[in-house]
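These figures come from a predicted structure and were not determined experimentally.
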Amino acid sequence: MAGASFKRALSVPATPEAAWAVVTDVSRLASWVEVLETVTELVPLASYKTVIADRLGPFKLRADLDVELVDVIEGRQLRVKADGEDRQVASRITVDALLTIEPSATGCTVTVDGKYDIAGRVATLGASVIAKKADYILDVFFTKTEEALS
C-alpha cells in the first residue's frame with residue numbers, strides 16, 4: 001500500500017464567502033484536475049461519482065470513485081471522502097481530506113488537510129511516484145485557487 005498525509009494552506013485577499021464559492025464550484029474544480037475524466041453530481045454538495053484516468057509508470061489507471069462531502073459547515077468547511085477502484089489493474093484508492101476556510105485580517109486562509117491510500121498493483125510503483133502525482137494535483141489546485149481569489 002502507498003499513501004501519505006498532506007496539509008497545505010493558502011492565504012488570499014478574498015472574503016471567506018468568495019473562497020467558499022470557488023471551492024464548491026465543482027465544474028470549475030473538475031476543469032483544474034487533469035486526471036478527472038468525468039464528474040457526475042448526484043446530490044449538490046453531498047454526493048458525486050467521478051472517473052479518474054492517468055498513466056502511472058507502466059499502468060494506465062482508470063478508476064471509478066464515489067465521492068461524499070460530509071461534515072459540511074456552509075462557508076467554513078467540508079470533508080471530502082473518496083473511495084473507488086480500477087478493476088483492470090486491481091487497485092483501490094481512498095482519500096479523506098478536510099477543507100477549511102478561516103477569516104483573516106487580510107482575507108481568508110484556505111487549508112486542505114488529509115490523507116490518501118492506494119493499494120493494489122499501482123502501489124507497487126512505490127510511494128515516491130504516487131506522492132509526486134499527488135503533490136502535482138495539490139499544486140494545481142492551490143495555484144488555480146490563488147488565481148481565482150487574487
Trainee: How about Asp113 and Phe6: do any of their side-chain heavy atoms sit closer than 4.5 Å?
Mentor: no
Trainee: Does any part of the side chain of Phe141, heavy atoms only, come nearer than 4.5 Å to the side chain of Leu99, both counted from C-beta?
Mentor: yes
Trainee: Asp135: which residues meet the salt bridge (charged side-chain N to carboxylate O under 4.0 Å, His left out) condition with it, sequence neighbours left out?
Mentor: Arg8
Trainee: Measure the shortest side-chain to side-chain distance between Leu149 and Val22 over non-hydrogen atoms and say whether it is less than 4.5 angstrom.
Mentor: yes
Trainee: For the hydrophobic clusters of this structure (ILVMFWY residues joined by side-chain heavy atoms under 4.5 Å, transitively), does one cluster hold both Val72 and Leu29?
Mentor: yes
Trainee: Less than 3.5 Å apart, which donor and acceptor atoms pair up between the side chains of residues 58-66 and the rest of the protein, not counting sequence neighbours?
Mentor:
{"from": "Arg62", "atom 1": "NE", "to": "Glu37", "atom 2": "OE1", "distance (Å)": "3.0"}
{"from": "Arg62", "atom 1": "NH2", "to": "Glu37", "atom 2": "OE1", "distance (Å)": "2.6"}
{"from": "Asp66", "atom 1": "OD1", "to": "Lys49", "atom 2": "NZ", "distance (Å)": "2.4"}

Trainee: Would a 4.5 Å heavy-atom cut-off, applied to side chains only, mark Leu10 and Thr145 as touching?
Mentor: yes
Trainee: Nearest 0.5 Å, please: how far is OG in Ser11 from CD in Glu146?
Mentor: 9.5 Å
Trainee: For the residue pair Thr94 / Asp96, report whether a side-chain donor-acceptor contact shorter than 3.5 Å exists.
Mentor: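 No donor-acceptor contact under 3.5 Å links the two side chains.
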Trainee: Between CD1 of Ile137 and CG of Asp139, what distance do you get to the nearest 0.5 Å?
Mentor: 10.0 Å
Trainee: Specify the closest pair of heavy atoms between Cys108 and Thr15, including all atoms of both residues, with the distance to one decimal.
Mentor: SG-O, 3.9 Å
Trainee: Is the shortest heavy-atom distance from the side chain of Tyr136 to the side chain of Glu34 under 4.5 Å?
Mentor: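 Yes, side chains in contact.
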Trainee: Treating Ile, Leu, Val, Met, Phe, Trp and Tyr as nodes and any side-chain heavy-atom pair under 4.5 angstrom as an edge, say whether Val67 and Leu42 lie in one connected cluster.
Mentor: no
Trainee: Establish whether Ile118 and Val80 are linked, either directly or via other cluster members, by ILVMFWY side-chain heavy-atom contacts under 4.5 Å.
Mentor: yes
Trainee: Would you say that Pro13 contacts Ser150 through its side chain, given a criterion of any heavy-atom pair below 4.5 Å between the two side chains?
Mentor: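 Yes; the side chains approach each other to less than 4.5 Å.
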Trainee: Using side-chain heavy atoms (C-beta onward) and a distance below 4.5 Å, is Arg28 in contact with Trp32?
Mentor: yes
Trainee: Measure from the side-chain N and O atoms of Gln77 to the backbone N and O of Asp71, and report whether any donor-acceptor pair falls under 3.5 Å.
Mentor: yes
Trainee: Do Glu85 and Arg92 sit within salt-bridge range, that is, some charged N less than 4.0 Å from a carboxylate O?
Mentor: yes
Trainee: With a cut-off of 6.0 Å (strictly less than), are more than 12 heavy atoms of other residues, nucleotides or ligands near CD of Gln88?
Mentor: no
Trainee: Do Tyr48 and Val70 share a hydrophobic cluster (ILVMFWY, side-chain heavy atoms under 4.5 Å, transitive)?
Mentor: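 They do not share one cluster, since no chain of ILVMFWY contacts under 4.5 Å joins Tyr48 to Val70.
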Trainee: Report yes if the side chains of Val39 and Ser27 come closer than 4.5 Å at any heavy-atom pair, otherwise no.
Mentor: no
Trainee: Sequence neighbours excluded, which residues qualify as side-chain contact (heavy atoms from CB on, under 4.5 Å) partners of Ala134?
Mentor: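 For Ala134 the side-chain contact (heavy atoms from CB on, under 4.5 Å) partners, ignoring immediate neighbours, are Tyr116.
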Trainee: Give me the atom names and distance for the closest heavy-atom approach of Val112 to Ala97.
Mentor: CG1-CB, 4.2 Å
Trainee: Taking side-chain hydrogen bond (donor to acceptor under 3.5 Å, both in side chains) as the definition, give me every residue that meets it alongside Lys133, ordered by chain and number, with sequence neighbours left out.
Mentor: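 Applying side-chain hydrogen bond (donor to acceptor under 3.5 Å, both in side chains) to Lys133 gives Asp54.
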Trainee: Measure the spacing between OG1 of Thr100 and CG of Leu78 and express it to the nearest 0.5 Å.
Mentor: 9.5 Å
Trainee: Apply salt bridge (charged side-chain N to carboxylate O under 4.0 Å, His left out) to Glu102 and list each qualifying residue two or more places apart in sequence or on a separate chain.
Mentor: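 Partners of Glu102 by the salt bridge (charged side-chain N to carboxylate O under 4.0 Å, His left out) criterion, ordered by chain and then number, come out as Arg76.
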Trainee: Of all residues at least two apart in sequence or in a different chain, which pass the side-chain contact (heavy atoms from CB on, under 4.5 Å) check with Ser31?
Mentor: none
Trainee: Treat each ILVMFWY residue as a node, draw an edge where side-chain heavy atoms are under 4.5 Å apart, and state whether Val33 and Val51 are in one component.
Mentor: no
